[in-house]
Every structure is written in structure tokens, then in C-alpha cells.
A.B. asks: 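The structure's right below; bear with me while I get my questions together.
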Amino acid sequence: MKQSLIDKNLLFVTGKGGVGKTTVATALAWLAAQNGKKVLIAETYARGDLAKAFEVPETPYSGKKINENIVGMTLDTEASLREYLKLFFHVPVVGRIGPLARAFDFLASAAPGVKEILSIGKFTWEVKAKNYDLVIVDAPPTGHIIGHLCAPQAINELVKVGPVRSQTQWMIDILSDPSKTSVVVVTTAEEMPVNETLELIAKLESQTTVDLGAIIVNQVLPELFNSKEEEVFDKISDENAINEVKKNFDLDITSVVEAAKLAVGLRRQRAKHLQYLTSQLVSSIEVLYLPYHFDAFYGLKRINAVCKDLSEELM
Amino acid sequence: MKTSLNFFDEVVSTKEVIFFCGPGGVGKTTTAAAMAVKLASEYDKNVLVLTIDPAKRLANALGVQNLGNNVNKVESAEFLNNSIEPKGTLYAAMLDTKKSWDDLIKRHAPDDKVAQTILKNPLYHNITAKFVQSHEYIAMERLYELHTSAQYDIILVDTPPTRNALDFLDAPERMADFFSSRLLRWLITPYRSRLVNLASRPFYQLADKVLGGQFLQDIADFFILFQSMYDGFIERAKAVSHLLTDQRCGFVVVTTLEQVPFAESKFFLEEINKRNMHLLAVVMNKVLPDLLRSKENLEVARELESQKEKIGEFLSGKIGTELSICSAVLSETAQSFLNFNKVALIEASLEKELKNQAFSSLKAFYSRFEPVTIKDLKDLADQFVVTNK
């Protein structure tokens, strides 16, 4: 059997907005923790998604203990700059570096890879220092992740000399080792997410050295009928059959049958996109499927449910 | 559904620019295109839809593939092929960020030599691609250019995908701020003399340490050139900001009635309000049909589940199939209703929340088919009736 995702050290969970990236990332963390791993899960944009999912007030940069095995954190340019300087340049930064961080923030935005390297640096550092068994990054959406993953190379090429450059090689080593690091792409079986997923896979292949661990298709609608059942359904949904039921059981099932037709249609529409997705993938890429949850629960309850689905797919 | 107020009449008579915003994946681009098709079909107007990175399917439907940065007319044949006789004219444009930046530099640079030097600077691409929301800024800049060309009666803008909701609305102002900032002055002060300046010393020592001196020098060189365009940029940015809060500019928030996108949409609504911008309507997209919300139907589904054996037996005789398959199909049918009913009830409660508000809300139902042609787009827009005001 291939090495399971949760046995790696660094996972970047990405995907188009709205496909359930955070849910999958938190469920992966939950599953790893259940298997006795020490897990750090990090949010890259300070939107509070992680805190909401874990039902805690906040997940600060310094880390919030979620349970025995999981720590949640949120990236922060100022804090990561501070830590970076302390770790690699032995520059203790005392007091607030607010204006400095803002100025740096701008410079870092202008220079390709500088801001990204602070985050990549943080994650790879946690792996290098073996502070956790697994670091899961609730990563930027598909459009931005490549920039993050390329940051060490970009710095290598752009900054010709200087200490930053010498700090990039070990990051590249960790990122390029498929036994340590993988990208997990979350998608739904819809047109745009599927297209973005395929674009991302192509870019991962051509522009980075990072391994694609798995594609996780989220919110897969259940299949209502097999082909034999579908024939029967067609006959039952016939007007005469519906009238017979009405006459003999005093039950008008017209709308209920109509709803089932819609469900079948939705499933088919999505199956078409899914088929396209898998037809474009080489067979070595692992594709996992997570079912749609009709219940409206959020937070830990959902994490638990998706965690169960994941473990069934992975084990 | 009848209504006294025709949304599209109102739009045509009061608005020149309409922004479509909302969370990702809710059908923003499709909604903008659908409304544009409807407007061009039914009103004698020049309608432009400015879209960012459209799905291929949509581009094909409008006949706008490989647009580059130009405005393309959607030929009336495209309408006539779909049995629609358009009263107006539809144009479509895409945003090519890099091309738009190049054009902007050429326009604002004092002379061709400076323009070429900037365009050839190795940092130029990275800086325009990344700094202070350049994508958002350039989208606004391009919109302003199209609007002031006075060739279009109404422009529908599919907003760029942004990390932070309405960043694009602030982009012009931030660009202006940036150009007058101390940071920029620091950057363009010759590198050596900068080290003498006490205030900026810690910053440069740090930046020097982290990035290396050569890199800072490269950046300084770039911004010295860039500064020559200061006035043009500030003026433009102010004009664009002004346009955004003008009465002629309206916002449509597109959302689905799912909890996560809905929460994000509420944030959009608050922001639009806070900025004194004009909200036209909320579009609830991909809504499950009303029959899934009905209490009577829910009872029927429950009854069907509990009587699946009896009804199955009866039907299997009628249609000549095995009893077990027949009951299984009936059970699946009932279960499917019960499942989707849960989703439909969440949608109903979120819809109710919107209806208590003082703005128009429009609704489009989930279609089993994705819009492929101009006709599909128009059919989608025909669904939009005001459900409250």
C-alpha cells in the first residue's frame, strides 16, 4: 500500500474557494490525531475559519491547543518575521515592530517569494525541528498556492547573495521530498472547481518539485438508482402509475417523484464533471471521494463526520 | 410570480455600471452574463459585460473566446441563432491584467523612453503582479476607461476574485495612498544616503540583512522611474473612487443559500452599506425548487417510506417487476426527498433572513442543465423577478 497521507510530515490542502478546503484540512488533522500523531494545523489567511471549525475563540500565531494532539495556529506576517529573524539571524526584536513589519510587508509583496517564504519557512521549520509529526496547512486557494510553493526557488534566483538565499536549500529539500511533503487538492464535482484543479495539477507538475498526494472530491452526491432500478423508477414515475397509487393508497407522490428526478439530474450533472476530471488524470494520482452531508451541522460535529468518511477512504 | 416592479426597467433607467460581487462558486460570472444578454435582448442599449477569467463554456456561449484585452461585439447572429431578436447590442470584454498594466504605463509615462525602461525592468512584472492589489486596481482602471469612453450605456462588471471580499473597491484609494506614502519616498532615496537617515535606518538594516543590498537597489531604481507617473496615477485613482460611490453605479450581490457562502454575502452587504455604495439587489442563485420545502410533500415522502412494501407490492404487479426492487426504488425516492428537504429548509430559512431586509432580492432555481447558449442565459435571467422590496 502507498504511504498514507497522514504518515507524511507536511500537507498543503488547497482548492477553489467554497469547496470545503478547511473542512477537509481539519478532518485530516483529526484523523492523524486519532492515530496518535502530534499535529500542527495552520490557517494562512486570518479569516478565522480554523477557529470556527474547531469552535474555539481564536487560533493565534503562537498556537492554540485544540486537544491532546492538535495545535491550531494562524499565520501573521509580523509574528513570522520576528520568529524568522530570531531563528536565522539571531536578531532579537524587542517591542512592537508594527511600522517596520508594514514596510516589510510591502517590500515582501513586491519581491516575488519573500512574503511566501516567511510562511513556507515557518512550516518547513516546524518539520525540520521535528516539533510535530504532521504539519497541515489550510493553504491559499488554487490560484495562489503555486507562488507559495515556488518561493524558495524564486528567492534563490532573485536574491543573488545574502543570508536569505542560504536559508532556502533545506526548505527546497523538505518540499521536494514526496515521503515528507504533499499537496492535497480539494474539489467538488462542478465545472469551475474541476477546471481549476486540472490547471493546478499541470502547474504543480511544471513549476514545482512538490508531490501531489491526492485529489479529494468533496460533497459527492449519493447515487440513487443502479441501472436496473432506474428502469423501474422510470415506470413508477409514469403518470398512470402515479394515478394508480393515488387511487389505491390516497397518496399523491407526484412531487416526491419530481424531487427524485431532480436529485438524479444533479448527480448526473456532477458525474459528468467528475468523469472529465478522472479522464484527465494519470492513473497514479490517488482520488478520494467524500460524501455530501445533507445535515446542516458545522464545527466539531462536521469534522468528526468527515474524519470518519476520510478514514474509510484512506484505510 | 407577478410583481409591480420590473427590475430590468429600473436598472436600465438608473444605472450605468453594475458590479456583481459575491463569494466564489456561486455563479457570479454566469449571472452577470445572463443579465447582460437579457438587457441587450430587450432594450435598445449598448450593453457591455466585462468579465474576469470566464469559464470556457460561458465564453463560448457569448462567442468571446481569445478576446485578449479588446472589446468584442457579440454578433446579432448569435442571438438570431437562438431565436432572439435583440433590440440592443451586446459587447463582451475580458481583463488581461498584464496587458492592461502595460497600456497604463504607456499612457502615464512622460515619454516613450521611460515607458520602455519600466516595461523592461526585471522587477516590473513581479511588482505589478503582486503589489498593493494590483489586479483589483487595474480592473477598476480598465472599467473607468471603458466607462468614460461613453460608448456603452450600461456596463456589467464581474468582480475579480479577491481574497478579502471588497478589496477592489479600496484599490484606487490605496494606490493613491501608496504613491504619496513615506515608504515610497524611502524607496526612491538613493540607497547610500538612506542609511544616514535615522528614522529609516532600522528598517533598512533589517531589510538589508534579510534581502541583501542589491535587491533593495533594484527596487529603488524601479520606483524612481515609476515616480514619474505619480500625477497621472493619483488623478485616475481619485476619479475611479468617485465613480464607485456615484448613483449611477449599482451593486448586485450574488449568493447561494448555503450557510458558508451566505455568511460571506452578508459581509458583502454590510460593506457596501458602510461605503455608501448603492445596492441594487441580491441574487439568490441555484436555489432548490419550492416543492422540496412543502410540508405536504414531506408527509407524502414519509408515508411512502412507511408504506414502501405495500405500495411496492401493488406496483410490482402493475408494471411487472420484482417486489424487492420496486420497494427499494420507492424507498430511495422517499429518502432522497427527505435528504434534499433538509437542504431546502436551510435555504428557506436563509431566504427569509434576506427578505426581512429593505432591498430587492431575485431568485433563480437550480437547473439540471448548466447554461450553454445565449438562450440558456436569457432563460436564466427571465427567472429573475423581484421577490420583495
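All of these numbers come straight from a predicted model, not from anything done at the bench. Note on naming: letters A, B, ... go to the chains in the order of the sequence lines (proteins, then strands), and numbering restarts at 1 for each one. Just so it is clear, the values below take in all heavy atoms, side chains as well, and ignore hydrogens, waters and symmetry mates.
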A.B. asks: Are any of the side-chain heavy atoms of B:Leu288 and A:Leu262 separated by less than 4.5 Å?
C.D. replies: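 Of all side-chain heavy-atom pairs linking A:Leu262 with B:Leu288, at least one is under 4.5 Å.
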
A.B. asks: Is it the backbone or the side chain of B:Glu322 that comes under 4.5 Å from a heavy atom of chain A, or both, or neither?
C.D. replies: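 Contact with chain A is through the side chain of B:Glu322 alone.
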
A.B. asks: Atom CG of B:Leu291 and atom OG1 of A:Thr254: how far apart are they, to the nearest 0.5 Å?
C.D. replies: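 Here the interatomic distance stands at 10.0 Å.
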
A.B. asks: Which distance, rounded to the nearest 0.5 Å, do you find between the CG of A:Leu251 and the CD of B:Glu299?
C.D. replies: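 Answer rounded to 0.5 Å: 10.5 Å.
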
A.B. asks: Relative to chain B, which segment of A:Lys52 carries a heavy atom at a distance below 4.5 Å: side chain, backbone, both, or neither?
C.D. replies: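 Neither part.
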
A.B. asks: Could you tell me which portion of B:Thr321 (side chain, backbone, both or neither) has an atom closer than 4.5 angstrom to a non-hydrogen atom of chain A?
C.D. replies: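 Side chain of B:Thr321 only, per the 4.5 Å heavy-atom cut-off to chain A.
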
A.B. asks: Can you tell which of B:Thr333, B:Ile319, B:Asn339, B:Leu304 has the highest number of heavy-atom pairs within less than 4.5 Å of chain A?
C.D. replies: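 The residue among B:Thr333, B:Ile319, B:Asn339, B:Leu304 with the greatest pair count is B:Asn339.
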
A.B. asks: I need the residue from A:Asn240, A:Thr188, A:Val232 with the largest number of non-hydrogen atom pairs under 4.5 Å to chain B.
C.D. replies: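 Ranked by heavy-atom pairs under 4.5 Å with chain B, first place is A:Val232.
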
A.B. asks: Quick check on A:Asp238 against chain B: is it the side chain, the backbone, both or neither that has a heavy atom closer than 4.5 Å?
C.D. replies: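 A:Asp238 has no heavy atom closer than 4.5 Å to chain B.
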
A.B. asks: Give the ring-plane orientation class for A:Phe249 versus B:Phe314, where under 30° counts as parallel, over 60° as perpendicular and anything between as tilted.
C.D. replies: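 Rings of A:Phe249 and B:Phe314: perpendicular, as their planes differ by over 60°.
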
A.B. asks: Do you know which two heavy atoms are closest between A:Ala260 and B:Ser336, and how far apart they sit?
C.D. replies: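 In terms of heavy atoms, the two residues are closest at CA-OG, 4.4 Å.
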
A.B. asks: Heavy atoms, side chains only, cut-off 4.5 Å: are A:Asp252 and B:Val300 in contact?
C.D. replies: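 The answer is no, as the side chains (C-beta and beyond) never meet within the 4.5 Å cut-off.
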
A.B. asks: For the NZ atom of B:Lys286 and the CD atom of A:Glu190, what is their distance to the nearest 0.5 Å?
C.D. replies: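 If I round to the nearest 0.5 Å, the distance is 5.0 Å.
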
A.B. asks: At a heavy-atom separation under 4.5 Å, does A:Glu231 approach chain B through its side chain, its backbone, both, or neither?
C.D. replies: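 A:Glu231 has no heavy atom closer than 4.5 Å to chain B.
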
A.B. asks: Can you name the nearest heavy-atom pair linking B:Leu292 to A:Ala259, along with the distance?
C.D. replies: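 It is CD2-CB, 3.7 Å.
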
A.B. asks: Out of A:Val245, A:Ile253, A:Val257, A:Leu224, return the one with the most heavy atom pairs under 4.5 angstrom to chain B.
C.D. replies: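 Among the listed options, the one with the most contacts to chain B is A:Leu224.
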
A.B. asks: Counting only heavy atoms closer than 4.5 Å, note whether A:Phe225 contacts chain B via side chain, backbone, both or neither.
C.D. replies: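 For A:Phe225, the contact with chain B is made by the side chain alone.
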
A.B. asks: Under 4.5 Å heavy-atom distance to chain B, tell me which part of A:Arg267 shows up: side chain, backbone, both or neither.
C.D. replies: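 Neither part; nothing is under 4.5 Å.
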
A.B. asks: Name the region of B:Ala328, side chain, backbone, both or neither, that has any atom closer than 4.5 Å to a heavy atom of chain A.
C.D. replies: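 It is the side chain, since no backbone atom gets that close.
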
A.B. asks: CG/B:Leu315 to NZ/A:Lys235 distance, rounded to the nearest 0.5 angstrom?
C.D. replies: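 Those atoms lie 11.5 Å apart.
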
A.B. asks: Is it the backbone or the side chain of A:Ile242 that comes under 4.5 Å from a heavy atom of chain B, or both, or neither?
C.D. replies: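 When you check distances to chain B, no heavy atom of A:Ile242 falls under 4.5 Å.
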
A.B. asks: Got a second to check how far B:Asp290's CG is from A:Ser255's OG, nearest 0.5 Å?
C.D. replies: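 If I round to the nearest 0.5 Å, the distance is 11.0 Å.
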
A.B. asks: Pick whichever of B:Lys310, B:Gln307, B:Gln259 has the most heavy-atom pairs under 4.5 Å with chain A.
C.D. replies: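 Among B:Lys310, B:Gln307, B:Gln259, the one with the most close pairs to chain A is B:Gln259.
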
A.B. asks: Using non-hydrogen atoms and a 4.5 Å limit, figure out which bit of A:His273 sits close to chain B: side chain, backbone, both or neither.
C.D. replies: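 Contact with chain B involves the side chain of A:His273 alone.
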
A.B. asks: What is the distance from atom CD of B:Glu332 to atom CD of A:Glu229, rounded to the nearest 0.5 Å?
C.D. replies: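 Going from the CD atom of B:Glu332 to the CD atom of A:Glu229 covers 6.0 Å.
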
A.B. asks: Would a 4.5 Å heavy-atom cut-off, applied to side chains only, mark A:Phe294 and B:Ile346 as touching?
C.D. replies: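 No, every pair of side-chain atoms sits at 4.5 Å or beyond.
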
